[in-house]
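Following: one structure in structure tokens, then a few remarks.
The model shown is predicted, which means the values in this text are computed figures rather than measured ones. Throughout, a chain's letter reflects where its sequence line sits, starting with A, and its residues are numbered from 1.
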Amino acid sequence: MTLRLHEVHKSYGGVEVLHGVTLDGAPGEVLAIVGANGAGKSTLIKILSGAVPMSSGTLTWDGVELAVSSPHDAHAHGIRTVHQELSLVPELTVTENLLMGNFPRRFGLIDWPAAHRRAGQLLQEAGFGVIDPRTRAGRLTVARQQMVEIAKALVSEPSVLVLDEPSAVLAGADLDALFALIRRLQSRGVLVVYVSHRLAEVLELATRIVVVKDGRVVATTTPDATDEGSLIRLMAGRTLDRIYPERRPAPGEPLLTVDGLGRTGEFDGVSFTLRAGEIVGLFGLVGSGRTELAACVFGAARPTAGAAFRSPAEAIRAGVAMVTEDRAGSGLVLGMTVRDNIGLTTWRSTARGPLIDRQRQRTDAAAMIQDLAIAPQGCATMPVVHLSGGNQQKVVLAKWLLTDPRVLILDEPTRGVDMATRVDIYRMIDGLARDGLAVLLISSDLTEVLGATDRVLVMRQGRLTGELPSEGTTEEQVLERAIAA
Amino acid sequence: SDDAAGKKDGYTIGVANFLLSGPYFSGMDAAIAAQAKTKGNVKIVSTDAGGDAAKLAANVEDLLSKNVDAIIISGGPLESAPAALNAIKAAKKPVVLVDRKFSTGEYTSWIGPDNEAIGKQDGEFLAAKVKGKVAIIKGGPADNSIGLARTNGLKSVLGTKSDITLVEASDFGNWGSDGGLTVMEGLLAKHPDLVAVFCENDAMCLGAQRAIASAGKTAQIVLAGVDGQAEALKAILDGTNYVVTGLNSPNVIGKLALDRTVEVLGGAKVEKDTVVPSPQITKDNASQYL
Amino acid sequence: MTTLAVRVRGRDVTVEAAFTLLIAALIIVAATTSESFLTATNLTNLLKQMVTTGLLAFGMLVVILTGGIDLSVGSVVAFSGIVTAGLVADLPIPLAMLVGVASGIAFGAVNGVLVARFELAPFVVTLAALTTIRGLAFVYSEVPIAPADPGFLTLGSAMVGPIPLITLIMLAVFGIGGVFLARTPPGRSIIAIGGNAETVRLAGIDVRRHIVLAYTISGLCAGLAGIILTSRVGIAQPSVGVAFELDAIAACVIGGASLSGGRGSAKGAFGGVLVLVLINNLLNLYGVQSFWQQVLKGLIIIAVILVQRTRRPRSEAKGRA
Amino acid sequence: MTTLAVRVRGRDVTVEAAFTLLIAALIIVAATTSESFLTATNLTNLLKQMVTTGLLAFGMLVVILTGGIDLSVGSVVAFSGIVTAGLVADLPIPLAMLVGVASGIAFGAVNGVLVARFELAPFVVTLAALTTIRGLAFVYSEVPIAPADPGFLTLGSAMVGPIPLITLIMLAVFGIGGVFLARTPPGRSIIAIGGNAETVRLAGIDVRRHIVLAYTISGLCAGLAGIILTSRVGIAQPSVGVAFELDAIAACVIGGASLSGGRGSAKGAFGGVLVLVLINNLLNLYGVQSFWQQVLKGLIIIAVILVQRTRRPRSEAKGRA
Ligand SMILES: Nc1ncnc2c1ncn2[C@@H]1O[C@H](COP(=O)(O)OP(=O)(O)OP(=O)(O)O)[C@@H](O)[C@H]1O
Ligand SMILES: Nc1ncnc2c1ncn2[C@@H]1O[C@H](COP(=O)(O)OP(=O)(O)OP(=O)(O)O)[C@@H](O)[C@H]1O
Ligand SMILES: [Mg+2]
Ligand SMILES: [Mg+2]
């Protein structure tokens with residue numbers, strides 16, 4: 001009994017991005033797929049789920065060819081997928097998002113009470129019982145939306161569950177719940193296909209690991225036979241001597257001071273100072289209020305207590321930049337080219353007379369594409385929507401670096417970014433800090449938050465509950481302050 | 001008793017306009033109101049259906065809700081408006097039609113022009129004046145039967161003349177000067193040898209006149225219209241190539257209509273259909289209509 | 001979490017309450033300032049006058065929920081009406097009416113296929129349909145057709161107790177339509193498509209078929225409105241129905257529908273229809289001069305959606321069409 | 001991978017080439033099948049007849065790029081025209097014309113503020129504006145106004161060599177406007193806002209001000225179109241301009257603009273105007289009867305956007321308005 005993709009090729013508009021991928025998986029396996037940003041993981045998964053057609057190749061189950069030309073076909077074969085990009089219908093309730101197409105009915109009509117019950121049950125079973133099924137999906141935090149996405153895939157007892165970076169937006173207990181869920185499914189004989197950039201996770205969960213590079217399978221291995229370093233080497237084609245840079249020297253003058261900032265219902269009495277040359281981590285569980293705090297500091301939302309910038313424009317003029325956590329929603333203009341997206345923050349400040357300085361835009365964008373290794377090559381004039389998720393994230397970063405910020409707020413900047421690129425980003429942040437910038441790094445990744453920063457602020461239910469030096473602090477010490485007593 | 005009370009306090013008369021957004025129709029509305037003022041004891045309530053037959057029926061219903069004593073329907077859309085007329089009949093109110101006569105349906109009285117006669121009149125004038133190709137610019141479907149009558153009148157005269165060829169513009173001028181201009185531009189491109197143009201109303205002719213002037217053909221082409229719109233009268237009086245129109249005066253008709261309605265309300269026996277004469281207006285007599 | 005959910009529901013209730021209040025206020029103002037308003041005649045008029053806009057608004061709502069728009073409804077009203085009136089000469093009246101409604105369904109389906117299958121912009125597809133179908137109505141008959149058979153007027157004039165039959169028909173459409181949208185899988189799918197079509201597709205639901213269904217429903221409603229209108233006026237005009245789509249769209253938006261899809265309700269759209277009909281009726285009863293009526297109507301619509309907006313949570317009020 | 005970029009760019013070029021080809025084909029068909037087409041009179045007509053739609057289409061494009069729509073342009077044309085004609089009696093002609101254009105700017109700004117500041121749906125705001133402004137035009141003067149001063153006609157009839165002055169004005173609007181959209185920060189910002197307003201806001205750009213700017217530009221274009229049309233016809237009518245917005249929108253979409261914002265170009269919109277004007281001209285030259293013209297016009301528009309679509313990368317063709 002195996003599911004087998006054989007010699008799969010895929011072209012987008014004449015450009016081949018998968019060059020004959022072959023892989024297989026058996027019930028009860030957790031098959032991890034790893035690879036750099038743009039390697040083709042999501043494309044592979046979209047093919048498996050019927051979201052996009054393959055250009056050539058076959059999909060077989062137990063040697064029998066399956067025709068999956070639509071998501072509907074895939075569902076019929078028991079293949080359920082959680083895609084990389086969140087895609088709930090924000091206006092509808094959690095129940096409706098979960099049961100879409102599978103409503104319990106009475107006399108031909110949808111039985112809403114039964115539907116809510118069923119949805120609640122489903123969330124409970126998945127380990128996400130904290131979510132109220134009657135809430136509108138758009139009001140959930142990104143993490144909870146992700147949980148709903150995962151629960152959605154469980155509606156009809158899948159035999160194959162495909163997860164494309166499900167953990168990217170999860171942390172703490174939520175992450176544990178996800179792992180527990182995967183193990184339960186595995187023991188029930190479900191084949192789990194798992195894509196992630198978090199290699200520690202992959203090594204912990206997977207029964208087998210497939211490494212994809214530039215649209216080809218370059219290695220198949222098992223957790224016992226490999227480690228993070230060799231996986232990165234396979235993915236990136238280069239060795240990384242260390243992941244996190246050396247600690248920085250003692251910080252300089254204060255650049256940004258937040259005093260008693262609050263916003264009703266979201267966070268309260270937050271004070272901290274960012275100094276030149278330091279990287280400060282901000283850790284917290286889902287819904288602890290970090291994103292709202294950052295938005296208020298940056299002037300994108302109005303605080304109800306304390307003073308902050310009155311508009312993003314003011315913040316930018318003062319030398320503050322902010323990379324938001326939701327890149328499709330507030331980080332990018334997806335239909336515009338990479339160059340225009342990068343130029344968004346600077347086309348006014350660098351204009352020559354009334355006109356945009358196109359030469360400057362071109363060279364700036366080219367430099368950023370080069371510095372951040374944004375792939376594919378020649379992407380400057382491509383609509384950013386055609387880039388892989390990780391590369392899109394880099395475009396957001398590039399846009400902000402061009403404003404020459406003195407304070408940089410990064411909300412989950414490495415979400416969905418591959419290991420090699422992460423290392424590049426850490427190096428870059430480190431370089432910026434050494435040049436005198438102050439960096440606030442909001443992250444749900446404990447390792448990252450301790451590894452890449454000088455000190456860590458911990459937030460719990462809208463309040464700062466601790467400030468710890470990164471050096472010598474354990475993950476447990478941080479979690480202790482983040483989790484409600 | 002109703003009647004007696006009505007006489008004492010005066011009357012309220014509802015005016016249901018089919019379409020106010022044309023100078024002819026708004027002129028009619030104004031003329032009715034002005035004439036009512038001279039009576040002293042007549043109040044006017046006016047509505048506009050914006051060219052929509054259903055809205056006209058609704059407006060008539062609204063007027064009946066307000067318990068008006070009589071209704072004047074101006075520029076009615078149709079050969080008949082059964083629902084509106086039925087509602088008025090059910091309310092036992094008199095209804096006076098102006099401008100458009102319904103071929104069926106019960107109404108108290110009608111006052112309006114003879115559109116076919118106006119067309120004939122223009123035709124006769126042109127027949128005496130020109131030989132060659134004569135173009136017709138039609139208004140459009142919104143008011144089909146009026147325009148149709150005018151054009152048919154013209155054709156009945158010119159169609160039989162061997163020295164005259166008629167060409168009809170394929171698209172409508174939509175009763176406005178801008179439409180007349182565009183249609184005329186098209187005609188000029190296709191028929192450089194025109195000698196005259198007939199438009200189903202003056203507004204279109206005024207636009208057509210501009211197009212002819214721009215094409216430098218003022219000396220070659222004369223224009224004939226219908227209505228007696230002020231700008232057209234002026235152009236005729238000034239001796240331009242706008243040579244003739246037929247008077248279809250909203251002032252005259254509106255005044256008569258109000259008088260007629262008051263007579264009916266007073267219990268008088270009145271003439272059922274009254275055709276208001278439409279004198280031909282040329283350079284010779286234009287000054288007396290301005 | 002529970003608090004939040006309650007708050008959300010609580011707020012929705014507030015919006016609806018505010019809207020109901022607005023309509024109630026309009027009615028109270030009308031009743032106290034115009035002695036004609038509460039007369040039986042006027043109330044019957046109101047009931048009749050809301051039928052066309054009401055039917056079109058429901059069909060429009062379904063299309064708007066998918067994130068589309070149907071500009072062709074006015075032309076479909078004209079076509080369905082004139083064809084029905086024309087066929088009465090040869091066919092039994094019910095059959096002729098059925099053909100009228102069927103023509104609406106057919107036009108709607110064509111619009112839907114062009115939008116769903118060929119992925120053309122709904123605005124332009126239905127704009128082209130507006131032009132073409134209007135042309136076809138005139139091609140069928142340039143002149144108005146008044147069927148001689150008095151039975152033709154029955155539909156438009158019959159009363160069921162104090163309520164006009166056609167009003168009941170419209171109410172039935174809203175009732176059944178409301179249940180369709182709120183409680184059937186295709187209805188929910190249509191709403192979800194407007195929220196995020198790709199999500200719906202990935203959920204294994206046939207998005208195209210549902211979009212075609214939505215436009216077909218709009219065509220059906222317009223076809224029905226066409227025969228009802230004709231029967232009410234007693235004569236079919238090929239030129240009827242110009243700009244009807246605008247009132248229908250306005251009713252939906254006044255009723256809280258979002259033109260980018262995914263948000264809106266039958267109840268809301270019905271409220272929107274009431275508001276529009278009341279405004280027209282009031283302006284007429286007050287005897288406001290026609291052109292000032294237009295000026296005021298626009299201003300009142302702005303005022304109404306401003307009131308609507310201040311009651312809506314800010315985050316949902318996007319500055320987009 | 002370089003191939004991809006080149007191909008993508010190559011594809012854009014292909015779309016444009018196909019569109020240019022389409023227009024060329026229309027012209028060739030016209031020239032070979034109608035002997036009147038290539039006459040000086042007809043070509044001059046074409047140049048004049050594209051001016052109003054052209055001006056409105058450019059303004060509309062700017063609004064559409066933000067993801068909005070401006071239905072009020074036809075009414076603004078009427079208002080600007082009638083006010084200008086009315087003021088000529090008291091003011092020097094250029095000043096009167098300035099007031100006309102200024103009225104368009106003012107209406108546009110009000111639309112923009114309602115959309116941007118109060119976050120109301122553009123469709124309904126500008127629909128209400130359509131009604132109100134039309135009413136105001138009639139309130140200003142129910143009857144047409146023909147200024148006695150022959151100087152009033154100069155703007156509409158002056159020729160610069162073989163080209164009408166008004167055509168040059170329109171071309172200038174497209175030229176300057178094209179540069180504005182492609183090469184100035186506010187122009188690019190307007191396009192970006194249509195793509196994702198929140199991203200633009202967070203980039204420190206004042207989204208509201210840019211939306212107001214977009215509607216103001218549309219108002220300006222409509223005001224300009226109003227005085228040009230009046231000067232061309234020689235007489236101002238309060239009833240002029242009904243449904244002008246539809247042609248303007250159609251031109252933008254035929255030219256590749258997306259009604260959900262963020263995509264479209266001045267070049268494309270100009271092509272769309274050409275297509276529409278050529279279709280009208282051809283149908284007239286062939287002497288197609290008016291109702292059939294309507295039928296065909298709708299079908300041709302569908303055909304054109306179908307051709308357009310097959311040339312567009314599939315992923316961009318969304319089934320949404
Ligand atoms: N719709 C599309 N059109 C054109 N190219 C595309 C499209 N979608 C993906 N690509 C390209 O295909 C390649 C593989 O993308 P894919 O999303 O599968 O990468 P990935 O391995 O999932 O990366 P990430 O880790 O960043 O999510 C990339 O070069 C990407 O630019
Ligand atoms: N769906 C929701 N349910 C409950 N509370 C919510 C919800 N959405 C937002 N909140 C409130 O907003 C606050 C901030 O949420 P936000 O998503 O900004 O936090 P965060 O720490 O950035 O979490 P994330 O890890 O998702 O980025 C929460 O503390 C919570 O009170
Ligand atoms: Mg991916
Ligand atoms: Mg967050």
Check your understanding: Which bit of C/Leu229 comes within less than 4.5 Å of chain B, counting heavy atoms only: side chain, backbone, both or neither?
Key -> side chain
Study note, to complete from the structure: Most contact-rich option vs chain C, by heavy-atom pairs under 4.5 angstrom, among B/Val45, B/Thr47, B/Leu20, B/Asp62, is B/Asp62
Exercise for review: Let me know which of B/Asn201, B/Asp29, B/Asp99 forms a side chain to side chain donor-acceptor pair (under 3.5 Å) with B/Tyr24.
Suggested key: B/Asp99
Point to revise | Residues B/Lys39 and B/Asp259 bridged, charged N to O under 4.0 Å | key: yes
Study note, to complete from the structure: Under 4.5 Å to a heavy atom of chain B? For C/Val242 that would be neither
Point to revise | Side chain, backbone, both or neither of B/Asn86 within contact of chain C (heavy atoms, under 4.5 Å) | key: side chain
**Study point:** Max heavy-atom pair count under 4.5 Å with chain B, selected residue of C/Ser157, C/Gly156, C/Gly234, C/Ser231
**Key:** C/Gly234
Exercise for review: Using a 4.5 Å cut-off on heavy atoms from C-beta on, say whether the side chain of B/Leu19 contacts that of B/Trp175.
Suggested key: no
**Study point:** Residues of residues 33-50 of chain C near chain B, each having a heavy atom less than 4.5 Å away
**Key:** C/Ser36, C/Thr39, C/Thr41, C/Asn42, C/Asn45, C/Lys48, C/Gln49
Exercise for review: For side chain to side chain donor-acceptor pair (under 3.5 Å), just list the numbers for B/Ser46 and C/Gln289, CA-CA rounded to whole Å, side-chain angles, deciding distance to a tenth of an Å, and then say yes or no.
Suggested key: CA-CA 7 Å; B/Ser46 155; C/Gln289 198 267 325; over 6 Å; no
Revision key, fill the gap. Given the options B/Asp69, B/Thr108, B/Asn67, B/Lys93 meets side chain to side chain donor-acceptor pair (under 3.5 Å) only with B/Asn67
Review point. Does B/Lys272 make a cation-pi contact with B/Tyr107, if we ask for NZ or CZ under 6.0 Å from the ring centre and within 45° of the axis?
Key: yes
Check your understanding: From C/Tyr286 OH over to C/Leu296 CG, what is the distance, rounded to the nearest 0.5 angstrom?
Key -> 11.5 Å
Review point. Given B/Thr151, which of B/Glu200, B/Glu168, B/Glu116 fulfils the side chain to side chain donor-acceptor pair (under 3.5 Å) condition?
Key: B/Glu200
